Amino acid sequence: MAVRQTVRVRVNGLERVAETDVRRTLVDFLREDLGLTGTHVGCEHGVCGACTVLMGGQAVRACIMLAVQADGAELLTVEGLASPDGTLHPIQEAFREKHGLQCGFCTPGILMTTCELLASTPSPSTEEIKDWLSGHLCRCTGYQQIIESIQLAATRMASDQMVLSAQ
Amino acid sequence: MKPPRFEYFSPRSLSETVAILAEHGDGAKVLAGGQSLLPLLNMRLARPSVLVDINRVSRLDTVRPHGTGGVAIGATVRQRSLHGDPTLLDRLPILGTASQFIGHQQIRSRGTICGSLAHADPAAELPALAVALEAEMVASSASGERVLPAADFFVDYLTTVLEPTEVLTEVRFPGPPAGMRWAFLEMSRRHGDFALAGVVAGLSTSDDGSSIKAARLVVFGVAGTPVRASAVEAALVGQPPTDSVLTDAAAEATRLLDPPADVHGSGAYRRALAQTLTVRALQACRESHGTAEPAT
């Protein structure tokens with residue numbers, strides 16, 4: 001068995017292929033092999049949540065899974081949120097407006113968790129938001145503004161949805 | 001903080017898996033959800049020479065009904081299924097209640113039920129549930145299959161009776177006794193952390209609620225393995241479920257515990273906590289607050 005292997009993933013809608021060490025974690029694969037440095041490396045043992053990405057629509061820790069385990073998977077990272085023209089995703093816009101970040105290190109992971117949360121629960125309660133956020137450490141904001149950001153994003157995305165379905 | 005070098009195998013069948021384990025034995029480690037193993041690799045607390053990734057092995061990712069009211073859960077079924085899979089929610093809702101305490105959503109996306117059992121952290125929820133619900137573990141190797149009762153499966157801190165050549169392929173939870181109401185409680189410093197202490201309790205009472213017909217009681221996070229208080233369970237039968245009876249039962253169930261101390265709490269604190277949680281859990285079963293009656 002080889003110690004290197006070809007990994008094929010679909011990241012943010014694009015097919016990407018790279019040969020990598022079998023011991024490479026998914027987050028290092030994204031950053032080092034694919035050049036997608038938006039996903040951050042924090043604690044590297046699954047505690048801080050900075051490396052969170054969506055795999056098949058589910059929030060996962062990219063630091064505690066191997067790149068080879070993601071072979072064939074559909075991934076979404078923070079780079080995939082904004083439109084190609086630079087228009088921010090409603091979640092990003094809400095975080096900007098509500099000051100849901102200060103240093104921003106943990107933010108890519110929190111945004112990805114928020115994506116799954118709002119996809120599965122369009123109008124989450126504060127308790128639900130806190131439960132999902134418990135998988136993330138932020139040492140700047142005290143979380144209150146993060147919660148408010150998610151609430152604003154939820155409201156806006158729900159009304160966008162209503163406009164869409166009315167059309 | 002990067003994994004050490006290893007040889008990586010990603011078998012597609014169980015026969016291939018057990019053949020690799022038979023060949024590499026002690027040096028091999030099975031990788032399922034990886035939510036405990038990958039941190040250990042990153043910190044180099046584990047240095048297996050061979051990693052056997054079972055995520056692509058066919059037919060291990062299923063939940064199926066098992067006997068009357070029970071469920072059998074394959075090796076790669078994620079912990080998320082505990083609060084999402086209809087068969088599990090319908091038959092053993094206590095597993096869904098308890099699953100909210102397992103790490104975080106992001107961990108439960110990957111972490112597997114069988115992986116948590118095989119890892120055998122004494123502060124983890126699933127080993128305690130397996131003991132309380134009298135689950136059976138199916139261990140497979142090149143020489144066949146062993147079915148092990150949960151009571152005999154956990155040996156000590158992070159240690160089970162699984163041989164290096166075996167893989168846990170399925171856990172079977174039998175249907176719980178009819179009418180038993182369950183409660184699951186644990187305490188940790190932060191939501192999602194490992195428990196300082198926790199308890200799984202079950203009670204069934206006579207129709208008028210005046211006497212206890214059967215009881216289950218397992219405390220965890222307080223010893224090397226989950227601790228089932230079998231003598232206390234037996235002593236509760238026939239007694240009225242009054243506060244004083246339940247309080248005495250909790251005191252007796254935790255009297256002999258000698259939990260380890262760590263930065264989060266002393267041994268004495270953990271024992272007192274286990275006792276308090278046990279009283280509350282038994283009362284919750286009696287009142288069926290926060291519990292659900294499993295389908296039979």
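Order of the sequence lines fixes the chain letters, A, B, ..., with proteins taken first and strands second; residue numbering starts at 1 for each chain. The model shown is predicted, which means the values in this text are computed figures rather than measured ones.
Counting heavy-atom neighbours within 6.0 Å of B:Arg59 CZ, excluding the residue itself, gives a total of 12 or less. Counting heavy-atom neighbours within 6.0 Å of B:Arg5 CZ, excluding the residue itself, gives a total of 12 or less. The 12-atom threshold is not exceeded at CG of B:Asp26, counting heavy atoms of other residues, nucleotides or ligands nearer than 6.0 Å. By the 6.0 Å contact criterion, CZ on B:Arg12 is enclosed, its count of non-hydrogen atoms from other residues, nucleotides or ligands being greater than 12. Surrounding CZ of A:Arg8 are at most 12 heavy atoms belonging to other residues, nucleotides or ligands under 6.0 Å away.
Listed by sequence position, B:His191 are the residues of residues 186-194 of chain B in contact with chain A, using a 4.5 angstrom heavy-atom cutoff.
The shortest non-hydrogen separation linking A:Glu44 to B:Asn42 is O-ND2, 2.8 Å. Taking each heavy atom of A:Val3 and B:Phe6 in turn, the nearest pair found is CG1-O, 4.0 Å. For the pair B:Ser109 and A:Ala59, the tightest heavy-atom approach, listed with the atom from each and the gap, is OG-O, 2.7 Å. When all heavy atoms of B:Ile107 and A:Gly46 are compared, the pair lying nearest together is CD1-O, 3.8 Å. In terms of heavy-atom proximity, A:Arg23 sits nearest to B:Pro4 at CD-O, 3.5 Å.
Your options are A:Thr52, A:Leu117, A:Asp28, and the one with the most heavy-atom pairs under 4.5 Å with chain B is A:Asp28.
Using modelled atom types, one finds a donor on one side chain and an acceptor on the other under 3.5 Å when comparing A:Thr113 with B:Gln106.
In this structure, chain A has a heavy atom under 4.5 Å from the side chain of B:Leu51, while its backbone stays farther away. For B:Met1, the parts lying under 4.5 angstrom from a heavy atom of chain A are both the backbone and the side chain.
The CG atom of A:Leu66 sits 7.5 Å away from the CG atom of B:Asp53 when rounded to the nearest 0.5 Å.
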Side chain to side chain contact (heavy atoms under 4.5 Å, CB included) between A:Met55 and B:Arg110, worked out: CA-CA 10 Å; A:Met55 185 166 96; B:Arg110 292 291 302 164; 3.2 Å; yes
After noting the C-alpha distance and the side-chain angles of A:Asp71 and B:Arg56, does the key distance pass the side chain to side chain contact (heavy atoms under 4.5 Å, CB included) rule? CA-CA 11 Å; A:Asp71 188 33; B:Arg56 294 176 203 272; 3.6 Å; yes
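Between the A:Arg61 side chain and the B:Gln35 main chain, no donor and acceptor come within less than 3.5 Å of each other.
Contact check for A:Val68 versus B:Ser10: no side-chain heavy atoms found under the 4.5 Å cut-off. With a 4.5 Å cut-off on side-chain heavy atoms, B:Leu31 and A:Gln69 count as touching.
Under a 4.0 Å N-O distance rule, the pair A:Glu116/B:Arg80 qualifies as a salt bridge.
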